[in-house]
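Before any comments, here is the structure.
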Amino acid sequence: MSSTPSPSTAAGKAGAREWAGLAVLALPTLLISLDQSVLFLALPHLADSLAPTGSQMLWIMDIYGFMIAGFLVTMGTLGDRIGRRRLLMTGAVAVGATSLMAAFSTSAELLIASRALLGVAAATLMPSTLSLIGNMFRDPVQRGRAFAVWACCFMGGTALGPVVGGVMLEYFWWGSVFLLGVPVMLILLVAAPLVLPEYKAPDGGRIDLPSVLMSLAAILPVIYGLKESAREGWEPGAAAAIAAGIAFGALFTARQRRLSHPLLDLGLFRHRAFTLALLVLLLTMAGMSGAYLFITGFLQMVEGLSPFEAGLWMVPSALVSVVSATLAPTLARRLPVGTVVAGGLALTAVGYLLLAFVDPVGGLPLLITGFVISFFGTGPIGALGANLAVGSAPPEKSGSAASLNETSGEFGVAFGLAAFGSLGGALYSSGVTVPDGLTGEQAEAVRGSVEGALAVAADLPGGPAEAVLAAAREAYVGGLNTVGAVCAVLAVATAAVAGTALRRATGARPGPSAPDAAAPQSEPEPEPERQPEPGGTPTRA
């Protein structure tokens, strides 16, 4: 049954009920981003308990992200069809159940299956939260602030994962890290019917099952191939997976053009602001993931910090990204959105450039400074990008728009890890100087990766071990320096896109509605029998 709008919402302004609804939507957003990083610290503990093979350990880590990426498009469209609040609550039940299943898994196989189901369930939450925010906040200024809150929760949760995980593992068993979702989902289930409106698209049609299968066949192989190439290099298996995904993507696109009710409305890409926002987000996430990979590696493999200690060093970057995301809507009321995003990315480029000058010894202060500056600069795209993507779509398609926003970010992360991981690995292998006195097998391990060099050093006496460590750390930091420089160039190029094409797409004139510059203008109300739920006044870009 539909929720009744509060008086303020009916007048165009969100009231206490809508802001309370935003607080409820912030909970699953924080949880999903936290879940992607909280498992990292638990791996040694669950390895002792479940004794997974190397391959199983990789699937325990990766399957959650695979399933989220694969099902985002389907779940975004499903929310448009059956109701976004309904999908959110259904997903909350599934997340709670699969979290319990993962927490009490008795084998590696059961944990992998639990993580896969948890990923499918989590994919229901992100498009629902974003699209409901668009429905609840129709005033452009308020909507910009609401999306900024959403972005802050997402960015903060990623950095807090290792910290929260470290605290829980100090007192509880490894499965406790999965139980975080249970109380959060219970709160959501109780509060959602009270403060969240329902919305579903009129005449949404039925979900096309072949399109669902084809979307999975397109997305999952590409994500898998990119992740495998980041881990093992550009081998034939990874390349074949990517090629297969692209082929299925072409078939999926062709089918969507023929359907009267497609799973994915390709017409969304006709909105320039929407398409450019996705492009800027993808490129930004690619740079962030590449830099993040090498920064965390530096903290643990060069500085020798534990995962928990490394997580603590990541907190400042999370805090400044929250601050910049909060400030972005205010700046966007005075400047064009493209200018605000471009300015932030230019600052990000400065932070990346500092990474090019980090030294193996004593480089931690400069590394953290660059890390903090770069994350401060990415805050605006996190806050304003979602607003641009969702606000550019008609209300009945905002679930699909939200899912594409999230999928773009997932592809950006996977591509960044693959591209920069491969670049850094190649630079390390070509730049490391293997000390004399090692066996052929030891020398090969040192050339293979810094992790291999650390393993070799652990079996050597003091002097040779120090020589191996010094050579490996110098080569790794050389890769970090190059990756930082390349990320800086990518950030500058992305800033140019945001400052020119995105600025033209959203309008160059600042004003009171600038945070929602890409939002569509209202059209006449539809007939009463097809009038959407509260917060869903039909609009077009």
Side-chain angles (χ1 to χ4, degrees), residues 37 155 158-159 226-227 229-231 233-234 278-303 310 313-314 316-318 320-321 324-325 341-360 363-382 385 408-431 450 474-499 502:
S37 56
M155 290 184 284
T158 301
L226 289 172
K227 289 206 171 199
S229 63
R231 186 181 294 124
W234 293 97
L278 295 189
L279 175 63
V280 170
L281 178 63
L282 187 149
L283 295 176
T284 301
M285 293 305 298
M288 284 181 64
S289 62
Y292 194 89
L293 173 67
F294 279 85
I295 289 169
T296 54
F298 182 96
L299 293 174
Q300 295 180 76
M301 292 181 289
V302 177
E303 290 293 324
W313 279 107
M314 297 175 200
S317 63
V320 298
S321 65
S324 65
V341 173
L345 290 171
L347 193 59
T348 296
V350 173
Y352 289 154
L353 193 59
L354 292 180
L355 302 181
F357 298 96
V358 171
D359 290 324
L364 182 60
L366 186 60
L367 178 103
I368 296 300
T369 300
F371 193 22
V372 168
I373 292 174
S374 62
F375 266 57
F376 184 85
T378 57
I381 185 59
S408 177
E410 292 287 342
F411 272 113
V413 169
F415 178 75
L417 290 175
F420 290 108
S422 299
L423 173 62
L427 291 170
Y428 171 87
S429 297
S430 63
V450 66
E474 183 175 354
Y476 182 85
V477 173
L480 166 68
N481 297 152
T482 301
V483 166
V486 175
C487 284
V489 173
L490 178 62
V492 170
T494 309
V497 173
L502 183 57

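In what follows, residues are counted from 1 in the order of the sequence shown.
- Heavy atoms only, all atoms of each residue included: Phe375 and Thr378 are closest at O-OG1, 2.9 Å.
- From Leu283, atom CG reaches atom CG of Leu278 across 11.0 Å, with rounding to the nearest 0.5 Å.
- For the residue pair Val341 and Ala498, the shortest heavy atom distance occurs at CG1-CB, 3.8 Å.
- The six-membered or imidazole ring of Phe294 lies away from that of Phe298, with a centre-to-centre distance of 6.0 Å or more.
- By the 4.5 Å heavy-atom criterion applied to side chains, Leu345 and Thr284 are counted as neighbours.
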- Query: Is there a side-chain contact (heavy atoms from CB on, under 4.5 Å) between Met314 and Ile295 once you walk through the steps?
  - Reply: CA-CA 9 Å; Met314 297 175 200; Ile295 289 169; over 6 Å; no

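- The minimum heavy-atom distance between Ser408 and Leu282, with the atom names listed, is OG-CB, 3.5 Å.
- Residues Pro380 and Gly344 come closest through the heavy atom pair CG-CA, 4.5 Å.
- Side chain of Thr348 to main chain of Ser374: a donor-acceptor pair is present (N/O by atom type, distance under 3.5 Å, no hydrogens or angles).
- Between Leu367 and Leu480, the closest side-chain pair of non-hydrogen atoms falls below 4.5 Å.
- Looking at Leu490 and Thr494, their side chains come closer than 4.5 Å, going by heavy atoms from C-beta outward.
- Annotation: the span from Leu355 atom CG to Thr482 atom OG1 amounts to 11.5 Å, rounded to 0.5 Å.
- The shortest non-hydrogen separation linking Asp359 to Val477 is C-CG1, 4.0 Å.
- Counting heavy atoms of neighbouring residues, nucleotides and ligands inside a 6.0 Å radius, atom CD of Glu474 does not exceed 12 of them.
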- Message: Before you tell me yes or no, could you show the steps for Met288 and Tyr352 under side-chain contact (heavy atoms from CB on, under 4.5 Å), namely the whole-Å CA-CA distance, both residues' side-chain angles and the distance that decides it to 0.1 Å?
- Response: CA-CA 9 Å; Met288 284 181 64; Tyr352 289 154; 3.5 Å; yes

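- Atom CG of Leu354 sits about 13.5 Å away from atom CZ of Phe371, to the nearest 0.5 Å.
- Looking at Met285 and Ile381, their side chains never come closer than 4.5 Å, going by heavy atoms from C-beta outward.
- Between the CG atom in Leu299 and the CH2 atom in Trp313 there is a gap of 8.5 Å [rounded to 0.5 Å].
- Taking every heavy atom of both residues into account, Ser289 and Gly412 meet most closely at OG-O, 3.8 Å.
- Listed for the Ser429 side chain is no donor-acceptor partner under 3.5 Å among the backbone atoms of Ala426.
- Expressed to the nearest 0.5 Å, how far CG of Leu347 lies from CZ of Phe376 amounts to 6.5 Å.
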